[in-house]
**Student:** 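Here it is, the structure, as structure tokens.
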There are 2 protein chains.
Amino acid sequence: MRNSLADVVSAALRVLEAQGLEGCSMRRVAAELGVQPSALYHHVPDKQTLLALMADRIVAGAGAAEGDPRRFCVALRDAMLAVRDGADVVATAAAFRLGASEIEERLAALVGADGARTLLLYTFGHAQSTQTHLQAAALGALAAFAAGPPAGGPAVAAAAGQTATPAAVAEAELEASFGRGLDIILAGLR
Amino acid sequence: MRNSLADVVSAALRVLEAQGLEGCSMRRVAAELGVQPSALYHHVPDKQTLLALMADRIVAGAGAAEGDPRRFCVALRDAMLAVRDGADVVATAAAFRLGASEIEERLAALVGADGARTLLLYTFGHAQSTQTHLQAAALGALAAFAAGPPAGGPAVAAAAGQTATPAAVAEAELEASFGRGLDIILAGLR
DNA sequence: ACCTGAACACCGTTCAAGT
DNA sequence: ACCTGAACACCGTTCAAGT
């Protein structure tokens, strides 16, 4: 026995982290495993199924925070943002089975079916948009740095009173925006 | 002058309707236009840009319903569902520019920035999931029909007291579910 | 059970060259 | 300005065959 299904999913997540969703091809996953592309089809019927299994693993990190729907959504967001393109992977897979996932059931027990659906769609969508923006900003910052890095580096910038990088500011604002939207929905549920 | 940018977008929407998002390749759009694939790159820098232009056209149909945020979201949903895979196209393109679209500005004028973001993310996500489910159900019904069509057809089924098809029931339930989620968010905004 | 090797039918994008 | 023709570097998936 050379590779299990779990090995395939792990390899796929490694490729996702290294190359992003666009670069996460069946051929590259096979190469990561040291195997021919066709070998993957012994473990998985198609790429879509592999992506769904990856989504399950990404989201499995949000297992705690049982009782509180707000904490649960925040944990879900954190789990998605912790993996490169994680929100895209989860959101795409989720569209296929909303109404049938274990996550939704657990949330539905707390706030009802409509509330759970609303919270999840918002959480997935906001995380997806956040990750897209942060990624684009990081790329832009990289390009600016390549064009001409700031003299003195971060230490000098901090001494000049710029204690937070623009990226950190954007990240904090997006997190706050997420929280406000969450509170709007939770208020509507009462 | 053979083809304009508008012609390219129109051709792409025709291919989308006929083949779905998966079949909407640059090569097929070019064929629809009677042109070599490379000719498209005179009008558009890449496929992603073309998809964004398609999204704008799909959503342009929701121009009316100015004053009422609820009506606006319903019109948006209708516009997306009216085109095959329309919700996917719009949602994907939207992730790239949430916070920068004209649609969001108009909604923000009515309910504030956080409210607009929340409503849009929910509307896009729900429409995407709805379209996915209805499409899968339609495929399933087709397969069932191929396996053995109901004797007598719809007329006999209706006479037997089954006045609505399962597809129509699912569609109505999804529309109702969408409305309830919308009302949760709108209640939270007050 | 798990994998190889080879093939099929595609992709998006670039680029010199034409009119 | 708009397009052709040819090429480059890839895809997902299938299938007979090996161990």
Side-chain angles (χ1 to χ4, degrees), chain A residues 1-56 84-85 88-89 91-93 95-96 132 135-136 139 143, chain B residues 1-56 84-85 88-89 91-93 95-96 132 135-136 139 143:
Chain A
M1 190 187 41
R2 296 265 287 236
N3 285 302
S4 68
L5 176 57
D7 295 332
V8 172
V9 177
S10 298
L13 286 169
R14 264 179 273 132
V15 174
L16 181 70
E17 195 64 55
Q19 318 273 357
L21 182 54
E22 206 171 89
C24 191
S25 66
M26 297 297 269
R27 293 173 116 101
R28 283 218 246 244
V29 173
E32 170 76 20
L33 237 37
V35 123
Q36 294 293 318
S38 53
L40 298 181
Y41 293 86
H42 194 80
H43 300 278
V44 120
D46 50 35
K47 188 180 182 180
Q48 201 189 128
T49 302
L50 179 53
L51 284 168
L53 293 170
M54 293 163 71
D56 285 342
R84 158 119 91 132
D85 287 342
D88 270 287
V89 173
T92 302
F96 250 93
T132 302
Q135 225 160 262
L139 255 173
Chain B
M1 190 186 42
R2 299 262 287 234
N3 284 302
S4 68
L5 176 57
D7 294 333
V8 172
V9 177
S10 298
L13 286 169
R14 261 178 276 134
V15 174
L16 181 70
E17 195 65 54
Q19 318 273 358
L21 182 54
E22 205 171 271
C24 191
S25 66
M26 296 297 267
R27 294 173 116 100
R28 283 219 247 242
V29 173
E32 170 75 22
L33 237 37
V35 124
Q36 294 292 320
S38 53
L40 297 181
Y41 292 85
H42 195 80
H43 300 279
V44 122
D46 50 34
K47 188 181 181 178
Q48 200 190 128
T49 303
L50 179 54
L51 283 168
L53 292 170
M54 291 162 72
D56 286 342
R84 158 121 89 135
D85 286 341
D88 271 286
V89 173
T92 303
F96 249 94
T132 301
Q135 224 159 262
L139 256 172

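Sequence lines set the chain letters: A, B, ... in the order given, protein chains first and strands last, and positions in each chain run from 1. In this text, all values refer to a predicted model and were calculated from it rather than measured experimentally.
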**Student:** Any side-chain N or O of A/His42 below 4.0 angstrom from OP1/OP2 of C/dT4?
**Tutor:**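 The answer is no; no side-chain N or O of A/His42 sits under 4.0 Å from OP1 or OP2.
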**Student:** Between the side chain of A/Asp56 and the main-chain N/O of A/Leu53, is any donor-acceptor distance below 3.5 Å?
**Tutor:**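 No, because the side chain of A/Asp56 does not come within donor-acceptor range (under 3.5 Å) of the backbone of A/Leu53.
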**Student:** Using the salt bridge (charged side-chain N to carboxylate O under 4.0 Å, His left out) rule, collect all pairs that involve residues 8-18 of chain B, keeping only residues at least two apart or in two chains.
**Tutor:** B/Arg14-B/Glu32
**Student:** If you compare every side-chain N and O of A/Asn3 against the phosphate oxygens of C/dC2 (OP1, OP2), does one of them come in below 4.0 Å?
**Tutor:**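 Looking at the OP1 and OP2 atoms of C/dC2, neither is under 4.0 Å from any side-chain N or O of A/Asn3.
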**Student:** Minimum heavy-atom separation for A/Arg2 and A/Asp7, please, with both atom names.
**Tutor:** O-OD2, 4.1 Å
**Student:** In chain order, what residues pass the side chain to side chain donor-acceptor pair (under 3.5 Å) check against B/Asp85, with sequence neighbours excluded?
**Tutor:** B/Gln135
**Student:** Could you report the tightest heavy-atom contact between A/Ala55 and A/Ala93, atom names first, then the distance?
**Tutor:**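 Between these two residues, the closest heavy atoms are CB-CB, 3.8 Å.
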**Student:** Can you sort out the partners of B/Gln48 under side chain to side chain donor-acceptor pair (under 3.5 Å), two or more places apart, ordered by chain and number?
**Tutor:**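 Expected list: none.
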**Student:** Take the protein atom CG of B/Leu33 and the nucleotide atom P of D/dC3, then report the distance between them rounded to whole Å.
**Tutor:** 7 Å
**Student:** For DNA chain C, list all stems, counting runs of three or more consecutive pairs where every pair is Watson-Crick or G-U wobble with both distances under 3.5 Å.
**Tutor:**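 If one scans DNA chain C for consecutive Watson-Crick or G-U pairs, the stems found are C:4-8 with D:12-16, C:12-16 with D:4-8.
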**Student:** Taking only side-chain nitrogens and oxygens of A/His43, does any of them come within less than 4.0 Å of OP1 or OP2 of C/dA1?
**Tutor:** no
**Student:** Of A/Leu21, A/Asp46, A/Thr92, which is the lone residue that meets side chain to side chain contact (heavy atoms under 4.5 Å, CB included) with A/Leu51?
**Tutor:** A/Leu21
**Student:** If the cut-off is 4.0 Å, is A/Gln36 near the phosphate of C/dG5, judged by side-chain N/O to OP1 or OP2?
**Tutor:**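 So the side chain of A/Gln36 is within the cut-off, an N or O lying under 4.0 Å from OP1 or OP2 of C/dG5.
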**Student:** Checking A/Ser10 now: which residues fulfil side chain to side chain donor-acceptor pair (under 3.5 Å) with it, not counting sequence neighbours?
**Tutor:**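 Per chain and number, A/Ser10 pairs via side chain to side chain donor-acceptor pair (under 3.5 Å) with A/Arg57.
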**Student:** If a protein heavy atom is under 4.0 Å from the base, mark B; if only from the sugar-phosphate, S; if neither, -; do that for nucleotides 8-19 of chain C going 5' to 3'.
**Tutor:** ---BBBBB----
**Student:** Roughly how far apart, to the nearest Å, are D/dC8 and C/dC11 at atom C1'?
**Tutor:**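 Here D/dC8 and C/dC11 have their C1' atoms 12 Å from each other.
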